[in-house]
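Heads up, the thing below is written out as structure tokens.
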Amino acid sequence: MAYLEWSRAFIGRVRRDHLGAHMSRAPELAARLASELDQGLLPFLKMGYVEPLRRDLPELIEKSRACRHMLVLGIGGSALGARAMQRAFAPGQDMPGHDGKCLWIADNVCPFQLEEWLKRLDPKDTMVVTISKSGGTIETISQYFIVKDWLQKALGEAWSQHMMVVTDLVKGFLREEAKAFGLPSLEVPDNLGGRYSALSAVGLLPAGFLGIDWEALLDGAAWLAKPLAQDPSSLARHPSFHLACWARSLEEYGYADLIFFCYEPLFATYGPWFGQLWAESLGKDGLGTMPVPATGVTDQHSVNQMFLDGQRNKACLFVTGKSPTEGPAFPGNLPEGWKFLEGKNFGALLKAEAEGTRMALCRHDTPLLHIALDDASPRSGGQLMMLLEAATVFTGWLMGINPLDQPAVELGKRLANAKLGKPGHEEAEKELQAFMAVPEEREIY
Ligand code: PA5
């Protein structure tokens, strides 16, 4: 069984009894949970979308698997979940000699990368999947225009056989495109914001393409969510709520950074996924803890010095799992001074380093909550995603902010649109011009 291990969570300034004030809000938050579930505001938790998804997803997965390559166009919550699942459950693409399916996720505005991918990919052997809840995100839609043109030039009328979309059922430019060209599509349900959507078609279509057991991901998530979704009054007993109370207390006692230290290397890309979930949900009104994704053991040799001996403002979610293998055994002819490794497997080093780092962090007064995964299976991966999503929402409620919106990031988007001359953005363009008019102070190096 997966578990949270609390014995080192109250090191440093946060004490166990500090959580009391937050825990006592359980009845109030349980009532809010019941109400928001009823209003359909928390589809990630209620998972009512799963039945139609189980019906509709297999057909698109099968169609996509006629191609060797899938090119995903999407950003933020429309990309990070798929990447986490790819690296955790279908890591073959990073292995020598890979001859299976390949998933390419275009989640940046990188002119070089897009150009190279389009040069190297064969349109006849590529399924493009454009993923956007709003259907209007400029980065994604810009890529869509370029890739659509690439497909049309290569395949003519048949281009639409190589494009699928995942978007809102009714609204948005992408939905209009799907209707206009008869593109196969899957729905992002109402109120399912990007960073809470990994366990919908958003993450599961790419996962299914890779042959990942997407139903096990859903089952794991549903198992974790079930008590909350079926009986909101169970919130007080749910580990996600306990985690939220701890996270809220950390913030109150001056812990500005929350390290996500992942010692299951296959799950390392859960770090950036969690980082976006936590930061975009909770960075509001001058509050929130900064998520800091880190990979064990790699980051022991980069940022760990700062974790250990920098400002005492860091707490840690420390993730371990049971790898699918212990790895190769050390040979029996090691030089003097290294003989202690004989008879052990490479995986023993990972475990030893995880324990060493855990203790070192605690010795440096870092409150540390250990998340011990059952194994590195999709089921465990689904459970972990749901645990962290629910904990994020409850932390936001305890903070008194809305964990489901992201108002501050809208300004940058508006200004980029203004810069490119999008109609209706004239005021924003003036603001941008005023900003850019400030005389520069260059120092040549
Ligand atoms: O979590 C979020 O809501 C965001 O990160 C979105 O996923 C991101 O902005 C992309 O939005 P969309 O899916 O509408 O293209």
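In this chain, residues are counted from 1 in sequence order. We count ligands from 1, going down the list as the structure has it; atoms in each ligand are counted the same way.
Across T137, L174, D168, D405, heavy-atom proximity to atom 15 (O) of ligand 1 is greatest for T137. Nearest-heavy-atom check against atom 9 (O) of ligand 1 across Q276, E410, K413, R195 picks out K413.
Remark: ligand 1 and S132 share an N or O pair separated by less than 3.5 Å (distance only, no angle test). The shortest N or O to N or O distance between G135 and ligand 1 is not under 3.5 Å.
Side-chain rings of F267 and F274 stay apart, their centers remaining 6.0 Å or farther from each other. Separation of the Y253 and Y255 ring centroids does not fall under the 6.0 Å cut-off.
Which parts of ligand 1 touch G194 is read off a 4.0 Å heavy-atom cut-off, strictly below it: atoms 1 (O), 2 (C), 3 (O), 7 (O).
When all heavy atoms of L258 and C316 are compared, the closest pair comes out as CD1-N, 4.1 Å.
W278 and T289 share a side-chain donor-acceptor pair at under 3.5 Å.
For the pair R248 and E251, the salt-bridge criterion is met [side-chain N within less than 4.0 Å of a carboxylate O]. Remark: R83 does not engage D94 in a salt bridge, criterion side-chain N to carboxylate O under 4.0 Å.
In terms of protein heavy-atom proximity, atom 4 (C) of ligand 1 is nearest to E280 OE1, 3.1 Å. With respect to atom 8 (C) of ligand 1, the closest heavy atom belonging to the protein is I75 O, 3.6 Å. In terms of protein heavy-atom proximity, atom 6 (C) of ligand 1 is nearest to G77 N, 3.9 Å.
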